[in-house]
Amino acid sequence: EYPSTKAQAERLVLQANDSTLCTLAIRPHLIWGPGDPHLVPRILKKANNNRLMMVGEGRNQVDMIYIDNAVSAHLKAALAPNKNVAGKAYFVSDDDPVILWKWINTFLNRMGLSKVKRRISYGNAMRLGALLEGIYGFFRLKSEPPMTRFLASQLATSHYFDISKAKKDFDYQPLVSQEEGINRLIHSLKSSSPGY
């Protein structure tokens, strides 16, 4: 339901654009960096509990966006002339797709943790996700299943996007490179958790 409701909300926002209200949609993908409450903590928790498993072949490329770059994109879009951006949707990213599992293993290595060695095929992850979704739904469990079909898809397939429209319409350019971003993230995590 997550991507479906997100798409519905975006349609409503863009349909609301008119001469009295300028609306646009920004589509950041996999926001990461210091303070991230979603991606990084989940990776670390699963890695620390030896529950992180590579889904698929491990060669899928994905777009990510460092938090400072996401903020910059929103500010630039908000300050752009209405005629440039009104009623449009924009993908934004670090403009440097990563091989997801290589990025995860590099991050874990820099944190002093073991690389991901266990693997599950994409097909089996999808079947497991469907089964767990059914079980959690049937028993009305409030917590999130450890695997869902959406998660399996995100972890195993390539998904990266053309950001040229954002560059053209509101001069978006990533401010922080992947390398600088990972350095800042590692520094932040090690500063807040000296045990790493």
Side-chain angles (χ1 to χ4, degrees), residues 1-7 10 25-34 36-70 73 89-134 136 144-167 172-174 176-186 189:
E1 296 302 317
Y2 175 72
S4 173
T5 53
K6 221 172 158 182
E10 183 178 280
I26 303 290
R27 299 168 172 168
H29 188 259
L30 280 181
I31 301 174
W32 66 286
D36 167 23
H38 301 292
L39 177 68
V40 169
R42 286 179 178 177
I43 291 171
L44 290 174
K45 183 178 179 182
K46 288 189 178 234
N48 279 318
N49 294 330
N50 196 29
R51 299 198 58 187
L52 195 55
M53 188 178 298
M54 185 182 298
V55 178
E57 297 299 315
R59 294 191 294 266
N60 51 309
Q61 281 187 284
V62 301
D63 258 336
M64 303 174 75
I65 186 163
Y66 185 73
I67 183 62
D68 293 30
N69 295 336
Y90 296 93
F91 287 106
V92 292
S93 71
D94 290 334
D95 203 19
D96 185 17
V98 299
I99 298 172
L100 179 63
W101 290 99
K102 181 179 178 184
W103 187 92
I104 289 171
N105 278 328
T106 299
F107 169 64
L108 292 176
N109 182 261
R110 296 266 318 262
M111 290 299 294
L113 297 168
S114 299
K115 292 182 178 182
V116 181
K117 295 185 177 75
R118 298 186 311 145
R119 182 187 306 251
I120 184 172
S121 73
Y122 179 43
N124 284 339
M126 288 294 279
R127 285 186 279 280
L128 177 62
L131 174 67
L132 290 172
E133 287 170 34
Y136 276 61
E144 183 182 352
M147 180 59 70
T148 63
R149 288 170 292 176
F150 176 72
L151 181 59
S153 174
Q154 292 295 297
L155 293 175
T157 62
S158 290
H159 39 281
Y160 48 94
F161 310 96
D162 181 358
I163 66 169
S164 59
K165 196 162 74 164
K167 290 179 176 181
Y172 170 69
Q173 293 292 336
V176 180
S177 68
Q178 285 274 343
E179 184 178 352
E180 175 61 23
I182 199 90
N183 288 338
R184 291 183 187 184
L185 175 61
I186 299 297
L189 290 168

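This one's a predicted model, so the numbers in the text were calculated from it and none came from an experiment.
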Asker: Does atom NZ of Lys165 have more than 12 heavy-atom neighbours, drawn from other residues, nucleotides or ligands, at distances under 6.0 Å?
Answerer: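 Yes, NZ of Lys165 has more than 12 neighbouring heavy atoms, counting only those of other groups under 6.0 Å.
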Asker: Are side-chain heavy atoms of Leu128 and Leu132 found at a separation under 4.5 Å?
Answerer: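 Result yes, sub-4.5 Å side-chain heavy-atom pair found.
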Asker: Enter the distance from Asp96:CG to Asp63:CG here, rounded to the nearest 0.5 Å.
Answerer: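 Those atoms lie 8.5 Å apart.
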Asker: Find the distance between CZ (Arg110) and CG (Asn105) and round it off to the nearest 0.5 Å.
Answerer: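 One finds 14.0 Å between CZ of Arg110 and CG of Asn105.
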Asker: Does either side chain, that of Gln178 or that of Asp94, offer a donor lying less than 3.5 Å from an acceptor on the other one?
Answerer: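 Yes, Asp94 and Gln178 have a side-chain donor paired with an acceptor closer than 3.5 Å.
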Asker: Please examine the side chains of Ile182 and Trp103, heavy atoms only from C-beta on, and report whether any two atoms are closer than 4.5 Å.
Answerer: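 They are in contact (side-chain heavy atoms under 4.5 Å apart), so the answer is yes.
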Asker: Return the minimal non-hydrogen interatomic distance between Met53 and Trp101, and the atom names on each side.
Answerer: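 Closest heavy-atom pair between Met53 and Trp101: O-CH2, 3.3 Å.
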Asker: Take atom NZ in Lys6; do more than 12 heavy atoms of anything else shown fall under 6.0 Å from it?
Answerer: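 Open.
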Asker: May I ask you to test the Arg184-Tyr66 pair for a side-chain heavy-atom distance under 4.5 Å?
Answerer: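 Yes, close enough: below the 4.5 Å cut-off.
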Asker: Using a 4.5 Å cut-off on heavy atoms from C-beta on, say whether the side chain of Tyr122 contacts that of Leu155.
Answerer: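 Heavy-atom side-chain distance check fails, nothing below 4.5 Å.
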Asker: How close do Pro28 and Ile65 get, heavy atom to heavy atom, and via which atoms?
Answerer: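 Nearest heavy atoms, Pro28 then Ile65: CB-CG2, 3.8 Å.
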Asker: Under the side chain to side chain contact (heavy atoms under 4.5 Å, CB included) rule, what do Ile43 and Phe107 come out as? Steps first, then yes or no, please.
Answerer: CA-CA 9 Å; Ile43 291 171; Phe107 169 64; 4.1 Å; yes
Asker: His159 vs Phe161 aromatic rings, parallel, tilted or perpendicular, using cut-offs 30° and 60°?
Answerer: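 Answer is tilted, since the angle falls between 30° and 60°.
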Asker: What's the separation between atom CZ in Arg149 and atom CD in Gln154, rounded to the nearest 0.5 Å?
Answerer: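 Rounded to the nearest 0.5 Å, the CZ-CD separation comes out at 14.0 Å.
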Asker: Taking all atoms of both residues into account, what is the closest heavy-atom pair of Ala152 and Met126, and its distance?
Answerer: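 Nearest heavy atoms, Ala152 then Met126: CB-SD, 3.8 Å.
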Asker: For residues Leu113 and Ala47, report the shortest heavy-atom separation together with the two atoms involved.
Answerer: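 That closest heavy-atom pairing would be CD1-CB, 4.2 Å.
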Asker: Does atom OH of Tyr136 have more than 12 heavy-atom neighbours, drawn from other residues, nucleotides or ligands, at distances under 6.0 Å?
Answerer: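 Atom OH in Tyr136 is packed in, count exceeds 12.
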Asker: Go through Asn50 and Arg118 one step at a time and tell me if the side chain to side chain donor-acceptor pair (under 3.5 Å) criterion holds.
Answerer: CA-CA 9 Å; Asn50 196 29; Arg118 298 186 311 145; 4.7 Å; no
Asker: Taking the side chain as every heavy atom from C-beta outward, state whether Leu52 and Ile104 have any atom pair closer than 4.5 Å.
Answerer: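 Yes, their side chains come closer than 4.5 Å.
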Asker: Counting N and O atoms only, with roles assigned by atom type, does the side chain of Asn48 sit under 3.5 Å from a partner on the main chain of Leu44, one being a donor and the other an acceptor?
Answerer: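 Yes.
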Asker: Answer with yes or no whether the side chains of Ser164 and Asp162 bring together a donor and an acceptor at under 3.5 Å.
Answerer: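 Yes.
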Asker: Compare every heavy atom of Val116 with every heavy atom of Met54, then report the nearest pair and how far apart it is.
Answerer: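 That closest heavy-atom pairing would be N-CG1, 3.5 Å.
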Asker: Are more than 12 heavy atoms, taken from residues, nucleotides or ligands other than Arg51, located less than 6.0 Å from that residue's CZ atom?
Answerer: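 Result for CZ/Arg51: open.
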Asker: Before giving the answer on side chain to side chain contact (heavy atoms under 4.5 Å, CB included), spell out for Lys167 and Asp95 the whole-Å C-alpha distance, their side-chain angles and the decisive distance to 0.1 Å.
Answerer: CA-CA 10 Å; Lys167 290 179 176 181; Asp95 203 19; 2.6 Å; yes
Asker: Once you round to the nearest 0.5 Å, how far does OG1 of Thr148 lie from CD of Glu1?
Answerer: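 Taking OG1 in Thr148 and CD in Glu1, the distance rounds to 12.0 Å.
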Asker: For the OG1 atom of Thr157 and the CD atom of Gln61, what is their distance to the nearest 0.5 Å?
Answerer: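 Here the interatomic distance stands at 12.0 Å.
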Asker: Phe91 and His29: aromatic ring centres closer than 6.0 Å?
Answerer: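 No, the ring centres sit 6.0 Å or more apart.
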Asker: Mind checking the CG-CD1 spacing from Asn60 to Ile99? Nearest 0.5 Å is all I need.
Answerer: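 Result: 8.5 Å between the selected atoms.
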Asker: Are side-chain heavy atoms of Trp32 and Ile67 found at a separation under 4.5 Å?
Answerer: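 Trp32 vs Ile67: side chains apart.
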Asker: Are Met147 and Val55 close enough that some pair of their side-chain heavy atoms sits under 4.5 Å apart?
Answerer: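 A side-chain contact under 4.5 Å exists here.
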Asker: Val92 versus Arg27: any side-chain heavy-atom pair under 4.5 Å?
Answerer: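 No; the side chains remain at least 4.5 Å from each other.
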Asker: For Pro174 versus Ser93, what's the shortest heavy-atom pair and its separation?
Answerer: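 Closest pair (atom of Pro174, atom of Ser93, distance): CG-O, 3.8 Å.
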